[in-house]
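Take a look at the structure below.
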Amino acid sequence: MLKGVRMRWDAGTVCTNCATTNIRWADSTNNPTSDAYWKVATDGIYGDRWGTIQTRWSGSGKETIDLGWSITATVDAGGNPATADFGTSGIHAVRELAPRCDNISTRAAPGCVLPYFSPTYTVDTNLYPAAGAYYWLMQQKMPYHEGSVRWDSLLSYLGTDTTVKNPKTGQPWTKDDSRGVVCPDKWAKRPADASLGTLSCDEYAMATTHESGGFPGRNQVTSGDQCAQLFADKVDGAGNFGIWADVRTATNGPSGKEPCGRASIPEKQNSGAFSNSYPAPSWRMLDGDKFFVSNPGFDHCTSVHTTCAWREIGDTT
């Protein structure tokens with residue numbers, strides 16, 4: 001007969017700047033218990049015990065914390081203890097369950113995330129259809145399809161903690177450095193119908209990523225002229241508009257081999273699609289963290305070689 005069972009939870013935390021509490025045991029109704037021991041006669045064969053341990057990080061900069069846990073159980077009837085090893089922070093190569101804590105952002109309190117998870121930034125294509133159409137088109141046309149969920153191609157965030165330096169200033173590389181290459185102040189935006197309002201230079205991939213044409217990396221160009229050239233303009237008298245090839249630089253339009261995009265997009269669309277809060281601090285993104293960009297108003301589009309109309313999200317027609 002089993003009689004009673006006693007369990008021990010062995011938690012292993014590898015962290016330089018952490019404080020870990022002692023384990024707190026409780027039953028299924030959260031009543032504290034002295035330990036993880038119960039009798040079949042009084043607690044039933046399915047009686048629950050819950051163990052809670054809190055690990056609090058108090059460091060500076062950033063730190064990845066490894067967590068591990070195992071359980072050892074003994075029974076009153078005697079015999080050798082049985083141990084179940086529930087693992088650690090995942091496969092060593094990726095440590096997918098290892099939280100990373102930081103206090104780097106000046107716009108958010110210290111906190112922790114699981115950086116192995118790659119979030120998706122969803123552009124509100126109901127409000128910003130021109131920008132969404134441009135981003136969708138570039139994701140399909142760029143050689144590596146950066147940011148596309150469909151192509152499973154991630155973007156890498158350019159954080160303030162980057163180790164890449166601007167050789168001219170010796171300071172960490174910034175989004176302004178990237179934007180200055182692709183969208184310099186002297187660039188003349190492609191004129192469009194006045195109904196679109198003030199136009200601005202919109203680059204893809206964004207200046208806040210390692211995949212920007214201005215960033216010293218795989219897609220680096222020496223001038224925005226080497227990017228795919230596009231612009232937004234009216235399509236008809238009903239006020240509809242679309243994305244067109246800007247042939248001022250490339251007579252035949254984009255070839256599909258360009259590593260970046262540069263487009264004249266309405267200012268409200270450009271600034272609204274990616275607000276200053278994206279994707280930090282709410283996501284706690286640090287340099288090199290991966291993410292996707294979704295453009296749901298164009299998810300139904302299947303080819304860049306045919307005309308595809310914007311679809312309002314929530315519209316079932």
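Quantities reported herein were computed from a predicted structural model and do not represent experimental measurements.
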>> Angle between ring planes, Phe215 versus His210, binned at 30° and 60°: parallel, tilted or perpendicular?
In response: parallel
> Above 12 or not: heavy atoms from other molecules or residues under 6.0 Å from CH2 of Trp244?
Replying inline: no
>> Under a plain distance cut-off of 3.5 Å, with no hydrogens placed, do Gln229 and Arg190 share a side-chain donor-acceptor pair?
In response: no
>> Please give me the minimum heavy-atom distance between Ala98 and Pro115, naming the atom from each residue.
In response: O-CD, 3.7 Å
>> Quick check: is Val123 connected to Ile265 through a chain of hydrophobic side chains (ILVMFWY, heavy atoms under 4.5 Å apart)?
In response: yes
>> Walk me through whether Gln139 and Tyr204 qualify under side chain to side chain donor-acceptor pair (under 3.5 Å).
In response: CA-CA 9 Å; Gln139 287 179 344; Tyr204 193 90; 3.1 Å; yes
> Any side-chain heavy atom of Pro129 within less than 4.5 Å of one from Gln269?
Replying inline: yes
> Salt-bridged, Asp299 to Arg150, with N to O below 4.0 Å?
Replying inline: no
> Between the side chains of Asn219 and Glu146, is a donor N or O closer than 3.5 angstrom to an acceptor N or O?
Replying inline: yes
> Are the side chain of Gln140 and the backbone of Val304 linked by a donor-acceptor contact shorter than 3.5 Å?
Replying inline: no
> Near Asn31 CG, under 6.0 Å, is it more than 12 heavy atoms from other residues, nucleotides or ligands?
Replying inline: yes
>> Looking at every heavy atom in both Pro167 and Trp173, which two are closest together, and how far apart are they?
In response: CD-CZ3, 4.1 Å
> Counting distance only, does the side-chain N/O of Thr13 pair as donor-acceptor with the main-chain N or O of Cys15 below 3.5 Å?
Replying inline: no
> Linking I/L/V/M/F/W/Y whenever their side-chain heavy atoms sit closer than 4.5 Å, directly or via other members, would Tyr134 and Phe231 fall into one cluster?
Replying inline: no
> Is the closest side-chain donor-acceptor distance between Thr174 and Asp176 under 3.5 Å?
Replying inline: no
>> By the definition side chain to side chain donor-acceptor pair (under 3.5 Å), identify the one residue from Asp35, Thr72, Thr74 that meets it with Arg6.
In response: Asp35
> Can you tell me how far OG1 of Thr160 sits from NZ of Lys175, rounded to the nearest 0.5 angstrom?
Replying inline: 11.0 Å
>> Taking CZ in Arg248 as the centre, count heavy atoms belonging to other residues, nucleotides or ligands within less than 6.0 Å. Is the count above 12?
In response: yes
> Nearest 0.5 Å, what's the CG-CD distance between Asp202 and Glu267?
Replying inline: 9.0 Å
> Heavy atoms, side chains only, cut-off 4.5 Å: are Ser118 and Phe291 in contact?
Replying inline: no
> When rounded to the nearest 0.5 angstrom, what is the spacing between NZ in Lys290 and CG in Leu154?
Replying inline: 7.0 Å
>> Could you walk me through whether Trp69 and Leu67 satisfy the side chain to side chain contact (heavy atoms under 4.5 Å, CB included) test, starting with their C-alpha distance in whole Å, then the side-chain angles of each, then the deciding distance to 0.1 Å, before giving a yes or no?
In response: CA-CA 7 Å; Trp69 48 92; Leu67 304 173; 3.6 Å; yes
> Is the backbone of Tyr37 close enough, under 3.5 Å, to the side chain of Trp25 for a donor and an acceptor to pair up by distance?
Replying inline: no
> Atom CD in Glu312, atom CG in Leu127: separation rounded to 0.5 Å?
Replying inline: 9.5 Å
> Please walk me through it: do Trp283 and Tyr157 pass side chain to side chain contact (heavy atoms under 4.5 Å, CB included)?
Replying inline: CA-CA 11 Å; Trp283 291 0; Tyr157 181 61; over 6 Å; no
> Are the side chain of Glu63 and the backbone N or O of Ser60 linked by a donor-acceptor pair below 3.5 Å?
Replying inline: no
> With a 4.5 Å limit on heavy-atom distance, are the side chains of Tyr121 and Pro119 in contact?
Replying inline: no
>> For Ile91, is the CD1 atom crowded, meaning more than 12 foreign heavy atoms sit under 6.0 Å from it?
In response: no
> Ion pair present between Arg100 and Asp102, side-chain N to carboxylate O less than 4.0 angstrom?
Replying inline: no
> What pair of heavy atoms forms the shortest contact from Asp27 to Arg49, and how long is it?
Replying inline: CB-NH1, 3.9 Å
> For Asp236, does the CG atom have more than 12 heavy-atom neighbours from other residues, nucleotides or ligands under 6.0 Å away?
Replying inline: yes
> Quick check: does any side chain N or O of Thr162 sit under 3.5 Å from a backbone N or O of Asp287, one acting as donor and the other as acceptor?
Replying inline: no
> Are Leu158 and Val164 grouped together when hydrophobic residues (ILVMFWY) are joined by side-chain heavy atoms under 4.5 angstrom apart?
Replying inline: yes
> Out of curiosity, does Trp151 fall in the hydrophobic cluster containing Tyr144 (side-chain heavy atoms, cut-off under 4.5 Å, transitive links)?
Replying inline: no
>> If you apply the rule side chain to side chain contact (heavy atoms under 4.5 Å, CB included), what do you find for Asp246 with Leu230, and how did you get there?
In response: CA-CA 5 Å; Asp246 183 350; Leu230 301 160; 5.6 Å; no
>> Go through it in stages, so that I can follow the logic: the residues are Asp66 and Thr88, the test is side chain to side chain contact (heavy atoms under 4.5 Å, CB included), and I'd like the CA-CA distance, side-chain angles, deciding distance and then a yes or no.
In response: CA-CA 7 Å; Asp66 282 302; Thr88 58; over 6 Å; no
>> Please check this pair: side chain of Glu96 against backbone of Gly90, looking for a donor-acceptor N/O pair closer than 3.5 Å.
In response: no
> Between atom CG of Asn30 and atom CG of Asp48, what is the distance when rounded to the nearest 0.5 Å?
Replying inline: 12.0 Å
>> Is it true that, when you exclude His300 itself, more than 12 heavy atoms of the residues, nucleotides or ligands shown sit nearer than 6.0 Å to its NE2?
In response: yes
> Do the rings of Phe274 and Tyr135 sit parallel, tilted or perpendicular, given the 30° and 60° boundaries?
Replying inline: tilted
> Can you tell me how far the CD atom of Gln54 sits from the CG atom of Asn22, to the nearest 0.5 Å?
Replying inline: 12.0 Å
> Do side-chain atoms of Asn295 reach the backbone of Phe298 as a donor and acceptor pair under 3.5 angstrom?
Replying inline: no
> Do you know which two heavy atoms are closest between Ala133 and Ile243, and how far apart they sit?
Replying inline: CB-CG1, 3.9 Å
> Is the backbone of Pro172 close enough, under 3.5 Å, to the side chain of Asn166 for a donor and an acceptor to pair up by distance?
Replying inline: no
>> Can you confirm whether Glu203 sits close enough to Ser212 that some side-chain heavy atom of one is under 4.5 Å from a side-chain heavy atom of the other?
In response: yes
> Should we count CH2 of Trp50 as having more than 12 external heavy atoms under 6.0 Å?
Replying inline: no
>> Quick check on Lys268: does its NZ atom have over 12 non-hydrogen neighbours (other residues, nucleotides or ligands) under 6.0 Å away?
In response: no
> Donor-acceptor pair, Gln226 side chain versus Glu258 backbone, under 3.5 Å?
Replying inline: no
> Does Asp233 reach the main-chain N or O of Ala192 with its side chain, forming a donor-acceptor pair under 3.5 Å?
Replying inline: no
> Are Val293 and Tyr128 in one and the same hydrophobic cluster, where Ile, Leu, Val, Met, Phe, Trp and Tyr link if side-chain heavy atoms are under 4.5 Å apart?
Replying inline: no
>> For Ile65 versus Ser89, what's the shortest heavy-atom pair and its separation?
In response: O-OG, 4.0 Å
> What closest approach, in Å, do Arg262 and Cys227 show between heavy atoms, and which atom pair accounts for it?
Replying inline: N-CB, 4.0 Å
